[in-house]
Amino acid sequence: MGGTSKLLLSAAAAVLAGTMPALAAWQPQKPIEFVATAGPGGGTDNLARAVQNIITKYKLTEQPIVVVNKGGGSGAEGYVYGKASAGDPYKVIFGTSNAWQQPLVSKVAFNYTDLTPIAAMAQDEFLLWVKQDAPYKTAGDYLKAAASGEFKMGGAQSKDTDEVLTRMIEKAGHVKLTYIPFKSGAETAVQLAGGHLDSHVNNPSESLGQWRGGTQRPLCVFSPKRLAPGAKVTATEGWGDVPTCVEQGLDITQYEQPRTVWLPGKVTPEQAAYYVDLMKKVQATTEWKDYIEKTSQVDTFLTGAEFDKFIKEDLEHVKQVAGEQGWLVK
């Protein structure tokens, strides 16, 4: 073949290449599993199902999504499952800060570095809850009563965010509380309603139904300012009516829990990027904004370097509390 013919063929190939579409970004080709690292009805489970419902409603993926609960071992079951699924982009793990806190305080078969971080999508608040007919009107009343007797404090899982907050309450209020762990905040709320606990520190979404149903009520919120008003939960009160704990004499200014999303380790950058984009699309919907308002969470979106920085800063805070409690794994 002559030189001119070769040049013409090369030019034609270049033109064709220029008109061809770029290779499509990665897309899931089979059903996706959302793994909630807590029992049904808790905040982590609620998040996974809220995201599932939004994706399904808007057909943000063509693949079906199923939510499974793996909350054993204070959520370690779900993270170990994620670790064992290395390279599988069809397992999406929903959790909290326990992804990096648990290996700090318990001998578990995973570390957060075994997973691929996608995003922290919200910061969930904590409140101090008591039975509806409890005699305490303020956190100060509660602390006085707790100082004179053995109080049972319930929470989701052990050596996790709920127990860390319980130990902070003990220190700030100069009281001793018996902490009783359950599989989820939903189960903890049932135990309080049944009179088996004196209090718990659930997130808003975990006890919304019980507050509305008149079995328990919040004394205070661990936030520097009162929560956004939103709609009324009971006939007369909403989240914005709940005083801060500092207002009521419990000197813990702020305590929040991130709602986090992960993939197993060893997935490709394209697969991780797909889920980052998917969660951003979820967050842009009206339904997500409704979910945030109803559960009185703080909308956020940390990914990449910002998420990594947040994790490292939180680890330093937890090390201090865990060290005081003698929890640090040696």
Side-chain angles (χ1 to χ4, degrees), residues 34-48 51 67-85 91-126 153-168 179-188 200-203 205-206 222 255-265 295 297-298 300 302 307-308 310-323 325 327-329:
F34 278 7
V35 181
T37 58
T44 299
D45 179 65
N46 291 340
L47 169 66
V51 174
V67 176
V68 297
N69 295 92
K70 292 186 180 293
S74 295
E77 178 190 6
Y79 295 120
V80 171
Y81 180 69
K83 176 183 176 181
S85 304
K91 304 286 192 294
V92 184
I93 301 101
F94 288 79
T96 64
S97 51
N98 61 359
W100 56 86
Q101 290 178 1
Q102 264 208 334
L104 198 66
V105 300
S106 301
K107 291 184 178 179
V108 292
F110 78 94
N111 202 314
Y112 80 96
T113 52
D114 296 318
L115 306 172
T116 301
I118 297 302
M121 296 187 69
Q123 289 280 10
D124 211 348
E125 304 288 353
F126 283 83
M153 174 75 87
Q157 307 170 349
S158 61
K159 295 182 182 178
D160 202 344
T161 49
D162 288 13
E163 187 171 3
V164 169
L165 178 54
T166 298
R167 302 312 173 197
M168 290 171 67
Y179 180 80
I180 302 175
F182 297 94
K183 290 181 180 179
S184 70
E187 186 178 340
T188 307
H200 62 60
V201 286
N202 269 359
N203 306 120
S205 66
E206 294 172 324
F222 296 93
Y255 192 81
E256 293 177 321
Q257 178 182 60
R259 295 289 172 193
T260 60
V261 185
W262 311 77
L263 285 180
T295 57
Q297 296 184 74
V298 178
T300 187
L302 300 179
F307 192 11
D308 185 62
F310 177 87
I311 291 171
K312 288 180 168 58
E313 289 177 350
D314 190 65
L315 274 170
E316 290 306 311
H317 169 72
V318 176
K319 278 180 184 177
Q320 181 182 347
V321 177
Q325 296 297 323
W327 293 344
L328 291 175
V329 173

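Any value given below was found using the heavy atoms of this structure, including those in side chains, with hydrogens, waters and symmetry copies removed.
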Review point. What residue pairs, at least two apart or across chains, pass salt bridge (charged side-chain N to carboxylate O under 4.0 Å, His left out) with a residue in residues 154-163?
Key: E163-R167

Within the distance-only criterion (no hydrogens, no angle test), does the side chain of [X] pair as donor or acceptor with the backbone N or O of [Y] below 3.5 angstrom?
{"X": "D45", "Y": "A36", "answer": "no"}
{"X": "K83", "Y": "A109", "answer": "yes"}
{"X": "S74", "Y": "S158", "answer": "yes"}
{"X": "T300", "Y": "M121", "answer": "no"}

Exercise for review: With sequence neighbours excluded, tell me which residues meet side chain to side chain donor-acceptor pair (under 3.5 Å) with T188.
Suggested key: none

Check your understanding: Tell me, do T295 and N46 make a side-chain contact under 4.5 Å, heavy atoms counted?
Key -> no

Practice item. Report yes if the side chains of N203 and R259 come closer than 4.5 Å at any heavy-atom pair, otherwise no. Key: yes

Non-neighbouring partners of [X] that pass side chain to side chain contact (heavy atoms under 4.5 Å, CB included), sequence neighbours left out:
{"X": "A76", "value": "Q102, V108, F110"}
{"X": "T161", "value": "S97, Q101, F126, Y255, Q257"}
{"X": "V298", "value": "Q123, E125, E256"}

Check your understanding: Hey, mind stepping through T96 and N98 against side chain to side chain donor-acceptor pair (under 3.5 Å) and telling me if it holds?
Key -> CA-CA 5 Å; T96 64; N98 61 359; 3.0 Å; yes

**Study point:** Residue pair P264 / G82: nearest heavy atoms and the distance that separates them
**Key:** CB-O, 3.2 Å

Point to revise | Residue list, salt bridge (Lys or Arg N to Asp or Glu O under 4.0 Å) with D308, at least two apart or on another chain | key: K312

